[in-house]
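This report refers to the structure that appears directly beneath it.
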Amino acid sequence: MPAFVVVGAQWGDEGKGKIVDLLTERVDLVARYGGGPNAGHTIVAGGHRLALHHVPSGILSERVACVIGNGVVVDPASLLQEIAKLREAGVKVEENLRLSDRAHVILPYHRGLDIAREDGVAGGRLGTTRLGVGPAYETKAARFGIRVADLGDPATLGDKVVRLAECLRRSAPAALPPECDADPADVTTRYLEHGRALRPFVTDTSALLNHALDDGRVMLCEGAQGTMLDLDHGSYPFVTSSASTAGGACTGLGISPIRIEAVFGVLKAYATRVGEGPFPTEQDNDQGRLIRERGHEFGSTTGRPRRCGWFDAVVARYAVSINQIESLALTLFDVLDGFDAIPICVAYEHEGRRLEDLPADPAVLRACRPIYDNVPGWRQETSGITRFEDLPQAAQEYVRRIEAAVGCEAGIVSVGPQREATIFRPKSRIARWLPAR
């Protein structure tokens, strides 16, 4: 049976957690394929509001197996805290969660290097979460990283920790935070304990997933961050350190591309981003602050206020093309209930030229000015609506204008954080690919 990918179509924080949670009812497995604890998926279910950083959003379904793939970098202590909170909420974690033995591990030295670079390199600030994710991917690529499998090998882990610590200290700026001075012996002892605690969850997840697909089970591949934060295809260098586009699902989970049947994209009815970098439709004004207030736009991982702006169809078109998105989920739609007029950016203007496509050069993107198509607002509450036909006419028109500007249907419209605050359009591709069970 096939696998499906859910990918962010903006700068992350699009509400993928809720959409994956909804689609979990239609699949057998949910597998996370990239990122690390820098990704925060907030889901609301059964009276619980849970912020997940490693664990796939499908964990709330008792019948669904959840996998943290080899493409994820893991902070063991953070993951164990997350597991403990899920247990407290009554979630069956031991039975339903598996962690790849090939996933790489974040150590204190990774976090120290991340902090040192953000604080100490002139002009080098990227606005990272300072959790060590980028440096963990660096040591993975440099081939001296430490994997989950290593946490069960006391004979060799100590030497690997010493080597990693020495290499990262040499590459850090002069001013080093305390994390870089952690005693390798103490770190080794602590991480061996983490390994013992995580042992019930650790397995060869590539084999698990491929066997499940061979047996006819349906899998949802869950991305982290968003297309514009992809290391290759995002707004480089203001990106994450992994493949957050749909192609990352194959390498991040160890499955073949021919397993992927379709890709679904998630984007907000407006736009946000966290961290540094160009953001053409940003509204650093009262309208942007109103969007932030109504959308509770603060990071799930760091609590940082998100930068807010109008919907950018140039970015969305790019994401649809890069990922070959079949159907979109439009989230936080109800946030726009309070506006008289709502602009949609349909193109950019740069030095007198109209740009329909996304430029790669961040200097060009920073100099671009959005060209807006203004749509009337509806000034009515939409949060209790469950059928597209019951939305105000102006709200329906806004969705249609986005579909036309992006060149892709919106199969889901989310009008609130709760599961029931969702409009499924029954004739959409997403409904046909993943019918309700």
Side-chain angles (χ1 to χ4, degrees), residues 9-11 13-15 226-228 235 265-273 278-297 306-321 325 328-359 364-383 385 388-416 423 425:
Q10 293 165 319
W11 281 275
D13 308 310
E14 299 96 346
T227 296
M228 292 301 293
S235 52
V266 184
L267 41 66
K268 287 175 178 171
Y270 48 95
T272 65
R273 77 169 298 172
F279 183 15
T281 66
E282 182 173 13
Q283 299 297 301
D284 189 13
N285 52 31
D286 289 343
Q287 288 182 315
R289 286 185 282 277
L290 180 58
I291 292 173
R292 183 182 300 119
E293 178 185 331
R294 289 181 58 84
H296 308 289
E297 293 293 355
R306 296 178 183 133
R307 300 158 63 190
C308 298
W310 301 120
F311 186 89
D312 191 330
V314 181
V315 165
R317 283 197 299 269
Y318 177 75
V320 167
S321 175
I325 292 172
L328 292 166
L330 198 60
T331 63
L332 287 106
F333 192 82
D334 55 309
V335 171
L336 299 181
D337 291 351
F339 291 90
D340 293 317
I342 307 169
I344 297 173
C345 172
V346 295
Y348 300 146
E349 185 274 327
H350 180 259
E351 296 182 349
R353 294 186 303 118
R354 181 185 175 100
L355 301 182
E356 301 278 352
D357 298 318
L358 191 72
V364 173
L365 187 57
R366 189 176 287 109
C368 284
R369 296 293 174 264
I371 298 173
Y372 286 118
D373 182 3
N374 288 301
V375 180
W378 44 92
R379 301 290 290 186
Q380 294 175 244
E381 186 175 336
T382 60
S383 58
I385 296 173
F388 186 78
E389 296 77 13
D390 295 335
L391 285 172
Q393 284 299 316
Q396 294 182 40
E397 179 61 18
Y398 182 72
V399 175
R400 294 191 183 100
R401 296 277 277 275
I402 284 178
E403 290 176 321
V406 174
C408 184
E409 66 167 30
I412 294 175
V413 179
S414 172
V415 292
I423 298 169
R425 301 176 76 181

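Because the structure is a prediction, the values reported are computed rather than measured. Each residue takes its place number in the sequence, starting with 1.
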Take Met228 and Tyr318 through the side-chain contact (heavy atoms from CB on, under 4.5 Å) test and state the conclusion after the steps. CA-CA 9 Å; Met228 292 301 293; Tyr318 177 75; 4.1 Å; yes
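- Two residues are said to be in side-chain contact when any heavy atoms from C-beta on lie closer than 4.5 Å; Pro280 and Cys345 fail this criterion.
- The side-chain heavy atoms of Arg273 and Glu282, taken from C-beta on, include no pair separated by under 4.5 Å.
- Annotation: Asp357, atom CG; neighbour count of heavy atoms from other residues, nucleotides and ligands within 6.0 Å does not exceed 12.
- At least one side-chain heavy atom of Trp11 sits under 4.5 Å from a side-chain heavy atom of Val315.
- Here the CG atom belonging to Leu267 is positioned 10.5 Å from the CG atom belonging to Asp312, to the nearest 0.5 angstrom.
- Contact of the Trp310 side chain with the Phe339 side chain is registered, since non-hydrogen atoms from C-beta on lie closer than 4.5 Å.
- Between Arg307 atom CZ and Glu297 atom CD the span is 13.0 Å, to the nearest 0.5 Å.
- Of the residues listed (Thr227, Val406, Val320), the one engaging Ile325 in a side-chain contact (heavy atoms from CB on, under 4.5 Å) is Val320, and it is the only one.
- Counting heavy atoms from C-beta outward, Val399 and Phe388 have side chains that approach closer than 4.5 Å.
- Ile342 places none of its side-chain heavy atoms less than 4.5 Å from the side chain of Tyr270.
- A salt bridge is defined here as a Lys NZ or Arg NE, NH1 or NH2 lying under 4.0 Å from an Asp or Glu carboxylate O, and Arg401 with Glu397 meets this definition.
- Side-chain polar atoms of Thr382 and Asp337 form a donor-acceptor pair below 3.5 angstrom.
- The structure places CG of Asp334 at 10.5 Å from CG of Leu391, a figure rounded to the nearest 0.5 Å.
- Tested against Lys268, the residues Thr331, Leu336, Leu330, Ile291 include a single side-chain contact (heavy atoms from CB on, under 4.5 Å) partner, Thr331.
- The line from CG of Asp286 to CZ of Arg289 is 4.5 Å long, rounded to the nearest 0.5 Å.
- Side chains of Ser235 and Phe279 form no contact here, defined as non-hydrogen atoms less than 4.5 Å apart.
- Atoms SG and CD1, on Cys408 and Ile402 in that order, are 11.5 Å from each other to the nearest 0.5 Å.
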